[in-house]
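In this chain, numbering begins with 1 at the start of the sequence shown. One-based numbering, in listed order, for ligands and for the atoms of each. Here the structure is a predicted model, which means the values were calculated and not measured.
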Amino acid sequence: MDNKDAHLIVLGNEKGGTGKSTLAMHIVVGLLDVGKKVAVIDLDSRQKSVARYLQNRQTFMVNGGAKVTMPEFIVVAQSEASLIKDREIEDQKNLQAGLDLHKKKVDYIVIDCPGNDTYLSRLAHALADTLVTPLNDSFIDLDLLGEVSSTNFQVKKLSFYSEMVWDSRKYRSASGKPPMDWVVVRTRLASLDSRNNKRVHDALEALQKRIMFRYVPGLYERVIYKELFPNGLTVLDIEKVSSLSHVAARQEVRSLIDNLNLFE
Ligand SMILES: Nc1ncnc2c1ncn2[C@@H]1O[C@H](COP(=O)(O)OP(=O)(O)OP(=O)(O)O)[C@@H](O)[C@H]1O
Ligand SMILES: [Mg+2]
């Protein structure tokens, strides 16, 4: 598979509910907000969170809500062929068709993966120019990256997920592409500056060189990141921000996008 044109941003990890779809929507709207053309591919055909979000956005606009910018979007469902080999061939064909449809027309393609290991998700990881992995604020979530000593943060063993990212990297370099930028962000951070919060921060700081990701600040736990779902909006879409918390939320989203280093 080849995708030379649009920059491919993949939201992935193998843990449910860490904030991939929420982050995906905010990255999409943040990119639209600065005039970029964006397409979205939802690989989570069970939940279809991002696709539903975007349908809500479309409906909101059609029903006379404020005019909002829209990305192109499609859902690529997992093949249901009975043989593994056939499923893989079909998954590959369907994902490639989705990429081909958009890659010449947009600046960015954002792919939202499900919170479990699927062949489609692996294919997307192998193609990612930027991989964004959200983690929640807990040592349990660090297991997603590897088994880590709690005293000196040495990595005792890489997780299956990190191994998979490693394989994706090898695949990319074998096909002559520039290295993937793997960005780990913490999401749903508690606003209290707790000791746990600090320890997870220290652990990620220590791990980034060893596991080869970039650790950048993410999003706090805020109602505004979820309450606009029914209208398919984000805090970046609201014309008048009514509280300091909204101002901070916008700032958080914008700095996250800046930290993804997507603009040349
Ligand atoms: N920063 C945040 N602040 C408040 N709520 C959040 C935040 N990020 C995510 N949530 C909420 O947490 C829940 C899980 O988020 P989300 O669906 O984005 O995770 P996910 O990683 O895509 O899950 P899955 O693996 O099941 O696809 C949702 O109810 C969402 O609204
Ligand atoms: Mg999701």
Hey, which atoms in ligand 1 end up nearer than 4.0 Å to a heavy atom of [X]?
X    : value
G16  : 25 (O)
D44  : 27 (O)
K20  : 18 (O), 19 (O), 20 (P), 21 (O), 22 (O), 24 (P), 25 (O)
T18  : 19 (O), 20 (P), 21 (O)
G115 : 25 (O)

Please determine whether a side-chain nitrogen of the Lys or Arg among [X] and [Y] lies less than 4.0 Å from a carboxylate oxygen of the Asp or Glu.
X    : Y    : answer
K177 : D129 : no
D5   : K104 : yes
D202 : R199 : no
R57  : D237 : yes
K157 : E163 : no
K15  : D143 : no

Give the contacting part of [X] toward ligand 1: side chain, backbone, both or neither, where contact means a heavy-atom distance below 4.0 Å.
X    : result
K15  : backbone
Y220 : backbone
E221 : both
L11  : neither

Applying the side chain to side chain contact (heavy atoms under 4.5 Å, CB included) test to M25, which of L23, I27, V29 qualifies? V29

Does one hydrophobic cluster hold both [X] and [Y], with members joined at side-chain heavy-atom distances below 4.5 Å?
X    : Y    : value
L95  : L101 : yes
L189 : L11  : no
Y108 : W182 : no
F160 : L131 : no

Do any nitrogen or oxygen atoms of G17 lie less than 3.5 angstrom from nitrogen or oxygen atoms of ligand 1? yes

I'd like to know whether ligand 1 has S49 as a neighbour, heavy-atom separation below 4.0 Å. no

Could you check whether any heavy atom of T187 sits closer than 4.0 Å to an atom of ligand 1, since that is the contact criterion I want to use? no

With sequence neighbours left out, which residue pairs that include part of residues 115-140 fulfil the ring-ring contact (aromatic ring centres under 6.0 Å, His included) condition? H125-Y161

Give every residue pair that meets the ring-ring contact (aromatic ring centres under 6.0 Å, His included) criterion with at least one member in residues 31-68, sequence neighbours excluded. Y53-F229

Considering all protein heavy atoms, does one lie under 4.0 Å from atom 28 (C) of ligand 1? no

Under 3.5 Å, side chain of N13 to main-chain N/O of P134, donor-acceptor pair present? yes

For the pair D86 (side chain) and A81 (backbone), establish whether a donor and an acceptor sit closer than 3.5 Å, ignoring hydrogens and angles. no

Closest to atom 3 (N) of ligand 1 (judged by heavy-atom distance), picking from R222, E252, R46: R222

Nearest non-hydrogen contact to atom 15 (O) of ligand 1 from the set T22, L228, V223 belongs to T22

Nearest non-hydrogen protein atom, [atom]:
atom                    : answer
atom 19 (O) of ligand 1 : G19 N, 3.0 Å
atom 26 (O) of ligand 1 : Q47 NE2, 2.6 Å
atom 13 (C) of ligand 1 : R188 NH1, 3.7 Å
atom 17 (O) of ligand 1 : S21 CB, 4.2 Å
atom 31 (O) of ligand 1 : K226 CB, 3.2 Å

Tell me how many protein N, O or S atoms are closer than 2.8 Å to the Mg ion (ligand 2). 1

Got a sec, which residues hit side-chain contact (heavy atoms from CB on, under 4.5 Å) with R122, two or more places apart in sequence or on another chain? D117, M164

